[in-house]
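As structure tokens, the structure follows; a few thoughts come after it.
Note that these values count all heavy atoms, side chains included, but never hydrogens, waters or copies made by symmetry. Since this is a predicted model, take the numbers as computed values, not measurements.
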Amino acid sequence: NAGVTQTPKFQVLKTGQSMTLQCAQDMNHEYMSWYRQDPGMGLRLIHYSVGAGITDQGEVPNGYNVSRSTTEDFPLRLLSAAPSQTSVYFCASSYSRGRFRDEQYFGPGTRLTVT
Amino acid sequence: AQKVTQAQTEISVVEKEDVTLDCVYETRDTTYYLFWYKQPPSGELVFLIRRNSFDEQNEISGRYSWNFQKSTSSFNFTITASQVVDSAVYFCALMDYGQNFVFGPGTRLSVLP
């Protein structure tokens, strides 16, 4: 099992550009999520999905879109990059059944810089 | 609302010392889960432990131990005989049943040789 994979590992964008961060998991997990990590603030939830075709907003969703067309993939789209979106982005997945969710497994992260 | 507080921003110890990382949580739910994750300098997030709100037994895994006390809403993590490889940022997290994870701000542990 590859677990949770993310691409790219590093990215530099100019203000106003758009891009998609890719996330895939091969553990057949229903629950997937995106976080951003900023110094001193822990991990903050951007968007999450409880299954294919179902997504919802987390704590800091502005400026980001997601979709979940398959169980395996959960891409995160930056619509018009801003310097405030400079951060490390983590994708995670976990087994879920009804309201129960297991621990999350994280991808290696994407370090994004917006100039 | 859920909240996790890790009051210790940074801790520095000398190798072989014991160290305790504090975690205090807030929740209105009676069913919830608590987690600890480790983030070494390489940046990945490593799952360490999960605890549910109905199991207050302390847990020991090698040099790691966890003390869960519902009365004080705390889930503290102790490393015994610390080693340089324990240097990392440690995150405590809370998940109310059916909800999302909420992470604390993390504690950076430096273990000096």
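Only the side chain of A:Leu45 comes within less than 4.5 Å of a heavy atom in chain B; its backbone stays farther off. Looking at A:Asp56, neither its backbone nor its side chain comes within 4.5 Å of chain B, counting heavy atoms on both sides. For A:Glu59, no part lies under 4.5 angstrom from a heavy atom of chain B. For B:Gln39, the part sitting under 4.5 Å from any heavy atom of chain A is the side chain, from C-beta outward, and nothing else.
In this structure, B:Arg108 places its CZ atom where only 12 or fewer heavy-atom neighbours from other residues, nucleotides or ligands lie under 6.0 Å away. Atom NZ of B:Lys3 has 12 or fewer neighbouring heavy atoms from other residues, nucleotides or ligands inside a 6.0 Å radius. Environment of CZ in A:Arg44: crowded, with over 12 heavy atoms of neighbouring residues, nucleotides or ligands closer than 6.0 Å. Counting heavy atoms of neighbouring residues, nucleotides and ligands inside a 6.0 Å radius, atom CD1 of A:Ile54 exceeds 12 of them.
There is no path of hydrophobic side-chain contacts, each under 4.5 Å, that joins B:Leu109 to B:Phe47. Neither B:Leu45 nor A:Leu112 shares a network with the other; the hydrophobic side chains, linked directly or stepwise wherever heavy atoms of I, L, V, M, F, W or Y lie under 4.5 Å apart, form separate groups for each. If you chain together hydrophobic residues whose side chains sit under 4.5 Å apart, A:Tyr31 and A:Phe74 never meet in one group. Note on A:Tyr48: it clusters hydrophobically with A:Tyr95, by side-chain heavy-atom contacts below 4.5 Å among ILVMFWY residues. The hydrophobic cluster containing A:Tyr35 does not contain A:Tyr89, counting ILVMFWY residues as joined when their side-chain heavy atoms lie under 4.5 angstrom apart, directly or transitively.
Put simply, CE on B:Met95 and OG on A:Ser94 are 7.0 Å apart, with the number rounded to the nearest 0.5 Å. Here the straight-line distance linking atom CZ of B:Phe91 with atom CD of A:Gln37 works out to 4.5 Å at 0.5 Å rounding. Annotation: the span from A:Phe90 atom CZ to B:Glu44 atom CD amounts to 8.5 Å, rounded to 0.5 Å.
Along residues 13-36 of chain B, the residues that come nearer than 4.5 angstrom to chain A, judged on non-hydrogen atoms, are B:Tyr33, B:Phe35 in order of number.
The minimum heavy-atom distance between A:Glu103 and B:Phe101, with the atom names listed, is CA-CZ, 4.2 Å.
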Exercise. Assess whether ring pair (Phe, Tyr, Trp, His ring centres under 6.0 Å) is satisfied between B:Tyr37 and A:Phe106, documenting all intermediate values.
Key: CA-CA 10 Å; B:Tyr37 283 84; A:Phe106 285 84; 5.4 Å; yes
